[in-house]
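Notes follow once the structure below has been shown.
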Amino acid sequence: MVFTEAVPRYQWTTMAPRSRQRRHKKPPSSVTPMVVTPPTVVTSVPLTLSKPDPSIDALGFFSLDNNVPGLSQLILQKLNMKSYEEYKLVLDGGASVSGFGFGCLQEMFQKMEDTFRFCAHCRALPSGLSDSKVLRQCKRCRNVYYCGPECQRSDWPEHRKVCQELRLVAVDRLMEWLLVTGAFVLPSGPWPCLAEVVQGWDTWFSMRCLQLDATLDAMLSSHAMTTLWASVGRPKPDPDALQGSLKRLLTDALSRPLTLGLGLRALGIDVGKTGGSTVHVVGASHVETFFTRPGDYDELGYMFPGHLGLCVIMVGIDVSAGFTQSTSISPLEPGTVQLSGHRGLYHDFWEEQVETGQIAHPDLVVAFHPGFHASPDLMEAWLPTLLLLRDYEIPTLITVYSHQELAASLQILVDLDTHITAYGANPFASLKPEEVYSNPNKQPVYCNAYYIMFLGRSCQLDKKQLEEKVDGEV
């Protein structure tokens, strides 16, 4: 689910045991494995903003109360936490929080489900109900709750538009546990066809079909799958529904690395140059970094057979502390991908690391769901970075959740006089629907649904042309 249309889900980042890591099949011995730089102690350089850095995670969390007053506190209560600061400590892998944790899987899944318990129509929480009322699920989607038949009937004209899609959301958020804990192993290995043939999910699934079928069949009959559905307190869906969920989860996990590859392709980046290529992921948060493990970006490497090394650096004030690693990495080896992270604002990172020559200039910069359209505070924080990317003429790709965000973000970039080279529907968008958390009857959105690419100054579209082109986008 998403807190707002710009802020992704939170549950598994706090509920999953840190000792359980996602596992990946080892590539064949003929393929050089991915390399992740060893963790080191990183001394953060103090930031000089006159007020706390606007965090998209924090803004999203507290915005829950705008639609459902008291929802943020209910979530903290179910997580056995007293404050958002404690939540951030767990998220950042810092000191343990007293009382945090769950005695068994059944308790964990029940507490997670409890965070969704509010009336989708009147927004009442359990604590605000009279003794004669109880929240009950919609029997069709098993995703939203109502405090009584009257609210459910009143809400049906809106809920019916999304009920079927929310049924998928309800299954996916439980099945995601298999991916987070490593029980669901992502298929891996060199692509058995020319990379140019793979233009989207249809051709990707066709390419991986034999390997994927075996993986999904094994997962459906696994002990982990049996344990999951014995713990959640609801009927187990049929095999076709479970297989569909696993495929959606797979696209969600691979959407980011393949979208990076889309940007490298479309913007004509030469991944065969001596010394390798560098990609900066700006505005990175716990979503990109908390569960990132060696192997997560295998597909990016397989997308460019013969590449001379790919360096991906995640930069953002919400980068997970467990992922924050030295960015002074060793020279790239052909066929390898190096991942590292830096906590801070990108324009500060640029001055301290790039301009001083410690880090190579990026060949591509990517921002996943930057959300600068969502609030003045976020726009203020993003403005120096957007101007830097424009003035240094760095090939840049950003992604957004929805057509509405696409239009708003395009207009901001036009106003900043950036040269927009391309935009549209992302062929590697996640196929996993995301519920807008505090407004479940809002149309679900999809991670990386649309992209925008820009390079330098002088956008070729005026406002009227832009409106006409965006209106014509699917």
Side-chain angles (χ1 to χ4, degrees), residues 22-36 179 182 184-219 243-244 246-274 276-279 281 288 292-312 332-339 363-364 366 368 395 397 399 422 424-432 447-448 451 453:
R22 286 167 53 182
R23 301 188 297 273
H24 297 258
K25 292 181 178 177
K26 293 182 179 179
S29 57
S30 60
V31 178
T32 305
M34 295 289 188
V35 174
V36 175
L179 186 64
F184 180 29
V185 181
L186 298 177
S188 186
W191 289 6
C193 66
L194 293 175
E196 293 75 14
V197 173
V198 182
Q199 296 293 323
W201 288 123
D202 286 345
T203 47
W204 188 92
F205 277 113
S206 177
M207 172 194 68
R208 290 283 193 201
C209 63
L210 295 178
Q211 182 185 20
L212 187 58
D213 287 347
T215 298
L216 296 180
D217 288 344
M219 191 69 252
Q243 186 177 86
L246 289 171
K247 286 184 175 181
R248 291 191 297 274
L249 292 174
L250 186 151
T251 67
D252 195 59
L254 295 180
S255 177
R256 287 181 176 84
L258 292 180
T259 298
L260 290 186
L262 173 72
L264 290 170
R265 271 183 183 173
L267 289 163
I269 309 302
D270 179 14
V271 297
K273 70 174 185 176
T274 303
S277 304
T278 299
V279 178
V281 177
E288 290 83 20
T292 299
R293 301 288 185 262
D296 282 9
Y297 280 70
D298 281 3
E299 289 299 294
L300 176 61
Y302 297 137
M303 197 173 187
F304 298 96
H307 70 84
L308 296 185
L310 295 167
C311 173
V312 180
L332 287 169
E333 295 292 332
T336 65
V337 172
Q338 292 180 333
L339 303 177
D363 298 285
L364 173 68
V366 176
F368 295 117
L397 178 149
T399 68
N426 181 4
F428 294 111
S430 169
L431 302 181
K432 175 177 172 288
C447 290
N448 306 317
Y451 67 85
M453 301 182 194

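As the structure is a computational prediction, the values presented were derived from the model and not from experiment.
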Asp270 and Ser277, any side-chain heavy atoms less than 4.5 Å apart: no
Donor-acceptor side-chain pairing of Ser255 and Asn448 below 3.5 angstrom: yes
Atom of Leu308, atom of Lys273 and distance for their closest heavy-atom approach: CD1-O, 3.4 Å
Side chains of Tyr297 and Leu310 in contact at under 4.5 Å (non-hydrogen atoms): no
Check against side chain to side chain contact (heavy atoms under 4.5 Å, CB included), Thr259 and Leu397: CA-CA 9 Å; Thr259 298; Leu397 178 149; 3.9 Å; yes
Salt bridge present between Arg256 and Glu299 (N-O < 4.0 angstrom): no
Gap between atom CZ of Arg208 and atom OG1 of Thr203 - 0.5 Å precision: 12.0 Å
Close side-chain approach of Leu216 to Phe184, heavy-atom, < 4.5 Å: yes
Sub-4.5 Å side-chain heavy-atom contact between Leu262 and Tyr451: yes
Side-chain donor/acceptor of Thr215 to backbone N/O of Gln211, under 3.5 Å: yes
Check against side chain to side chain contact (heavy atoms under 4.5 Å, CB included), Leu332 and Gln338: CA-CA 8 Å; Leu332 287 169; Gln338 292 180 333; 3.2 Å; yes
Main-chain N/O of Ser188 paired with Asp298 side-chain donor or acceptor, under 3.5 Å: no
Closest non-hydrogen atom pair between Lys247 and Leu212, with its separation: CE-CD2, 4.5 Å
Rounded distance [0.5 Å steps], CE in Met207 versus CH2 in Trp191: 5.0 Å
Leu264 vs Val279 side-chain heavy atoms within contact, under 4.5 Å: yes
Side chain proximity check, Leu300 to Tyr302, heavy atoms < 4.5 angstrom: no
Which atom of Met453 lies closest to which atom of Ala266, heavy atoms considered: CE-CB, 3.4 Å
CG on Leu364 to OG1 on Thr278, rounded to 0.5 Å: 10.5 Å
Verdict with supporting geometry, Trp201 and Leu258, side chain to side chain contact (heavy atoms under 4.5 Å, CB included): CA-CA 10 Å; Trp201 288 123; Leu258 292 180; 3.6 Å; yes
Flag side-chain contact, heavy atom, 4.5 Å: Leu179 against Leu186: yes
Pro187 versus Leu250, closest heavy-atom pair with distance: CD-CD1, 3.7 Å
Distance-only donor-acceptor check, side chains Gln199 and Trp204, under 3.5 Å: no
Atom of Pro395, atom of Ile269 and distance for their closest heavy-atom approach: CG-CD1, 4.1 Å
Closest heavy-atom pair and its distance - Arg265, Val198: NH1-O, 3.0 Å
Residue pair Asn426 / Thr399, side-chain donor-acceptor N/O under 3.5 Å: no
